[in-house]
Asks: 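Here it is, the structure in full.
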Amino acid sequence: MSKNTLPETMSLVRDNILEYKSPLAVSAKENAEWAKDLDLPASGDLLFYTGGEYQLLPFMDSLMTVMGLVPPGSAFFSWMMTMRDLVHKIGPAPEKIFASVFAQDKDRYFSINRKAAKILLRLGYDLAYDGEHEIYSGALLHEMGFDEALGAYSKELGRFLQGTGAKTVVCLSPHAAEMFKLVYPHYKDFPQVEVKTFVELVWALRNQLPKYETEDVYTIHDSCRMARELGVSQEFRDILDAMGVRYVEPDRHGAWTTCCGGPIKMTYPDLSHKLGVGRVEELAATGANRAIVSCPYCLSALTLKTRQPIIEIEDFVELVARGYGDV
């Protein structure tokens with residue numbers, strides 16, 4: 001591969017987002033499986049938005065496992081991508097079909113959406129969720145530098161938002177929240193909406209949260225997007241204090257957090273893994289036995305596939321849900 005040629009995985013992600021509205025061609029119907037019996041209205045003032053990001057991770061992880069056996073840029077990898085393009089012309093994206101067969105932890109990643117929605121409902125928020133039409137946030141187009149493609153995509157996402165009638169969007173992923181709050185407002189005619197993260201809505205009503213009695217000691221991994229771009233960091237600590245959960249801080253936290261390596265997992269998997277291992281070691285050095293994250297890419301990158309993890313990684317949603325017991 002010449003220095004002026006895009007990595008094949010970047011082209012794959014870009015093309016899938018533009019054609020299927022998902023980096024790995026996961027359909028809106030499949031993304032919305034978690035909400036099928038919650039009877040949430042498709043329109044309303046407060047829109048619960050997943051963007052399919054937690055749902056994407058089990059497919060991405062299985063695909064990356066196989067791609068790790070075939071080095072990007074090799075002749076065999078290029079041949080595979082050529083064959084993929086041929087298959088793509090006559091049917092669904094083959095990488096999605098393949099990843100579906102080997103996807104692991106799908107139930108866990110999908111359930112995080114459900115738990116988050118049920119927590120907000122228990123706190124008294126009136127949620128809308130248009131799972132039939134929800135599309136990906138376009139974050140990877142922005143992060144990979146596909147500005148022209150993002151401009152076109154912003155119009156499609158804007159039409160989706162307008163169809164829901166939302167005045168406020170609550171984003172489960174900080175990558176989506178960054179797009180809605182900091183990126184898309186610069187695009188002409190994109191709907192003006194208030195943007196909140198799940199963490200901020202929980203924080204606003206933290207005094208209503210149940211206490212959670214546990215012997216576990218937690219540490220907090222602040223995601224780059226959440227802490228640096230969105231400025232959401234202290235809110236996690238306030239919520240844990242309200243729930244009575246013990247926690248200790250890693251050396252690098254808040255705006256000075258260490259990157260998990262997750263966003264580059266599809267393009268530079270080796271580097272992503274090294275960053276993830278380094279951050280897990282930092283979190284384990286606190287002496288805590290559990291670490292919480294609040295980003296799908298962080299959850300995936302830091303959940304290392306080892307038989308005996310040096311520290312358990314769980315999503316912030318999963319921790320809050322434990323306090324309720326039946327969520």
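In what follows, residues are counted from 1 in the order of the sequence shown.
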Asks: Determine whether Val170 and Tyr125 make a side-chain contact, defined as any pair of heavy atoms from C-beta on separated by less than 4.5 Å.
Replies: no
Asks: How close do Ala128 and Ala42 get, counting heavy atoms only, and between which atoms?
Replies: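 For Ala128 and Ala42, the tightest heavy-atom pair comes out as CB-C, 4.3 Å.
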Asks: Calculate, to the nearest 0.5 Å, the distance between atoms CG and CG belonging to Asp241 and Leu209 respectively.
Replies: 12.0 Å
Asks: Rounded to the nearest 0.5 Å, what separation is found between the CG atom of Leu141 and the CD1 atom of Ile17?
Replies: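 Here the interatomic distance stands at 4.0 Å.
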Asks: Got Asp222 and Met226 here, is their nearest side-chain heavy-atom distance under 4.5 Å?
Replies: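 They are not in side-chain contact.
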Asks: Within the structure provided, determine whether Leu157 and Ile135 are in side-chain contact (heavy-atom separation under 4.5 Å).
Replies: yes
Asks: After noting the C-alpha distance and the side-chain angles of Lys181 and Glu194, does the key distance pass the salt bridge (charged side-chain N to carboxylate O under 4.0 Å, His left out) rule?
Replies: CA-CA 8 Å; Lys181 189 170 186 176; Glu194 182 182 24; over 6 Å; no
Asks: May I ask you to test the Asp45-Thr168 pair for a side-chain heavy-atom distance under 4.5 Å?
Replies: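 Heavy-atom side-chain distance check fails, nothing below 4.5 Å.
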Asks: Could you check whether any side-chain heavy atom of Val169 comes within less than 4.5 Å of a side-chain heavy atom of Thr164, counting everything from C-beta outward?
Replies: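 They are not in side-chain contact.
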Asks: Can a donor-acceptor pair be found, under 3.5 Å and without considering hydrogens, that links the side chain of Tyr136 to the backbone of Leu140?
Replies: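 Flag set: sc Tyr136 to bb Leu140 pair under 3.5 Å.
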Asks: Tyr54: which residues meet the ring-ring contact (aromatic ring centres under 6.0 Å, His included) condition with it, sequence neighbours left out?
Replies: none
Asks: Say whether, by atom type as modelled, one donor and one acceptor occur between the side chain of Glu156 and the main chain of Tyr153 under 3.5 angstrom.
Replies: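 Not a single qualifying donor-acceptor pair exists.
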Asks: Restricting to non-hydrogen atoms, name the atom on Leu150 and the atom on Val183 that form the minimum distance, rounded to 0.1 Å.
Replies: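 Closest approach of Leu150 to Val183: CD2-CG1, 4.1 Å.
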Asks: Once the angle between the rings of Phe236 and Phe316 is folded into 0 to 90°, is it parallel (under 30°), tilted (30 to 60°) or perpendicular (over 60°)?
Replies: perpendicular
Asks: So Asn113 and Asn31, side-chain contact (heavy atoms from CB on, under 4.5 Å) or not? Walk me through it.
Replies: CA-CA 10 Å; Asn113 298 283; Asn31 281 335; over 6 Å; no
Asks: From Leu127 CG over to Leu40 CG, what is the distance, rounded to the nearest 0.5 angstrom?
Replies: 6.0 Å
Asks: Step by step, work out the side-chain contact (heavy atoms from CB on, under 4.5 Å) result for Val202 and Gln208.
Replies: CA-CA 9 Å; Val202 173; Gln208 297 183 27; over 6 Å; no
Asks: Looking only at atom types and distance, does a side-chain atom of Thr303 sit under 3.5 Å from a main-chain N or O of Leu299, one as donor and one as acceptor?
Replies: yes
Asks: Looking only at the side chains, is there a donor atom on one of Thr257 and Arg252 sitting less than 3.5 Å from an acceptor on the other?
Replies: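 No, no side-chain donor-acceptor pair sits under 3.5 Å.
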Asks: Look at the side chain of Ser22 and the backbone N and O of Ser27, then say whether any donor-acceptor pair between them is shorter than 3.5 Å.
Replies: no
Asks: Give, for atom CZ of Phe198 and atom OG of Ser173, the distance between the pair rounded to the nearest 0.5 Å.
Replies: 13.0 Å
Asks: Is there side-chain contact between Glu249 and Thr219, with at least one heavy-atom pair below 4.5 Å?
Replies: no
Asks: Determine the sole option in Arg322, Arg290, Arg246 for which the side chain to side chain donor-acceptor pair (under 3.5 Å) test with Asp216 is passed.
Replies: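 Only one option passes, and that is Arg290.
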Asks: Quick one: does Lys155's side chain get under 4.5 Å of Tyr187's, heavy atoms only?
Replies: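 SC-SC contact between Lys155 and Tyr187 ruled out.
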Asks: Dump the intermediate steps for salt bridge (charged side-chain N to carboxylate O under 4.0 Å, His left out) on Glu200 and Arg206, then the final yes or no.
Replies: CA-CA 10 Å; Glu200 290 173 292; Arg206 62 193 179 280; over 6 Å; no
Asks: Does the pair Lys21/Glu134 count as a salt bridge with the N-to-O cut at 4.0 Å?
Replies: no
Asks: Using every non-hydrogen atom in the two residues, find where Ala176 and Tyr49 come nearest and quote the distance to one decimal.
Replies: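 Here Ala176 and Tyr49 meet closest at CB-CE2, 3.8 Å.
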Asks: Taking Gly151's backbone N and O only, do any of them form a donor-acceptor pair with Ser154's side chain (distance below 3.5 Å, no angle check)?
Replies: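 Yes; judged by distance alone, with no hydrogens or angles, the pair exists.
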Asks: Just verifying a value: how many Å separate Leu201 CG and Cys171 SG, rounded to the nearest 0.5 Å?
Replies: 10.0 Å
Asks: Can you tell me which residue pairs pass the salt bridge (charged side-chain N to carboxylate O under 4.0 Å, His left out) test with a partner in residues 269-282, sequence neighbours excluded?
Replies: Arg279-Glu282
Asks: Asp189: what forms a salt bridge (charged side-chain N to carboxylate O under 4.0 Å, His left out) with it, not counting sequence neighbours?
Replies: none
Asks: Kindly indicate, with the supporting measurements, whether the criterion side-chain contact (heavy atoms from CB on, under 4.5 Å) is fulfilled by Phe48 and Leu38.
Replies: CA-CA 13 Å; Phe48 185 79; Leu38 292 184; over 6 Å; no
Asks: With sequence neighbours left out, write down each residue that passes salt bridge (charged side-chain N to carboxylate O under 4.0 Å, His left out) with Asp126, or none if nothing qualifies.
Replies: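 So Asp126 forms no salt bridge (charged side-chain N to carboxylate O under 4.0 Å, His left out) with any residue.
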Asks: Are Arg122 and Tyr324 close enough, and set up right, to give a side-chain contact (heavy atoms from CB on, under 4.5 Å), and what steps lead you there?
Replies: CA-CA 9 Å; Arg122 289 284 286 270; Tyr324 285 98; 3.5 Å; yes
Asks: Does any part of the side chain of Glu143, heavy atoms only, come nearer than 4.5 Å to the side chain of His175, both counted from C-beta?
Replies: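 In short, these two side chains touch, coming nearer than 4.5 Å.
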Asks: Could you pull out all residues at least two apart from Ala285 that satisfy side-chain contact (heavy atoms from CB on, under 4.5 Å)?
Replies: none
Asks: State, to 0.1 Å, how close Met179 and Gly138 come at their nearest heavy-atom pair, and which atoms those are.
Replies: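 In this case the closest contact between Met179 and Gly138 is CE-O, 3.9 Å.
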Asks: Once you round to the nearest 0.5 Å, how far does CD1 of Ile264 lie from SG of Cys259?
Replies: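 One finds 7.0 Å between CD1 of Ile264 and SG of Cys259.
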Asks: Is there a donor-acceptor contact under 3.5 Å from the side chain of Arg228 to the main chain of Ala255?
Replies: yes
Asks: How are the rings of Phe190 and Phe180 set to each other: parallel, tilted or perpendicular (split at 30° and 60°)?
Replies: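 Rings of Phe190 and Phe180: tilted, 30 to 60°.
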Asks: Tell me if the aromatic rings of Tyr129 and Trp34 count as close, with their centers under 6.0 Å from one another.
Replies: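 When the ring centroids of Tyr129 and Trp34 are compared, they turn out to be within the sub-6.0 Å range.
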Asks: Specify the closest pair of heavy atoms between Ala284 and Ile310, including all atoms of both residues, with the distance to one decimal.
Replies: CB-CD1, 3.8 Å
Asks: Identify the heavy atoms of Met243 and Gly323 that sit nearest to each other, and give their distance.
Replies: CE-CA, 4.1 Å
Asks: Does Arg114 use its side chain to pair, donor to acceptor, with the backbone of Phe110 at less than 3.5 Å?
Replies: no
Asks: Who clusters with Val248? Use side-chain heavy atoms, under 4.5 angstrom, across I, L, V, M, F, W and Y, and order the result by chain and number.
Replies: Val217
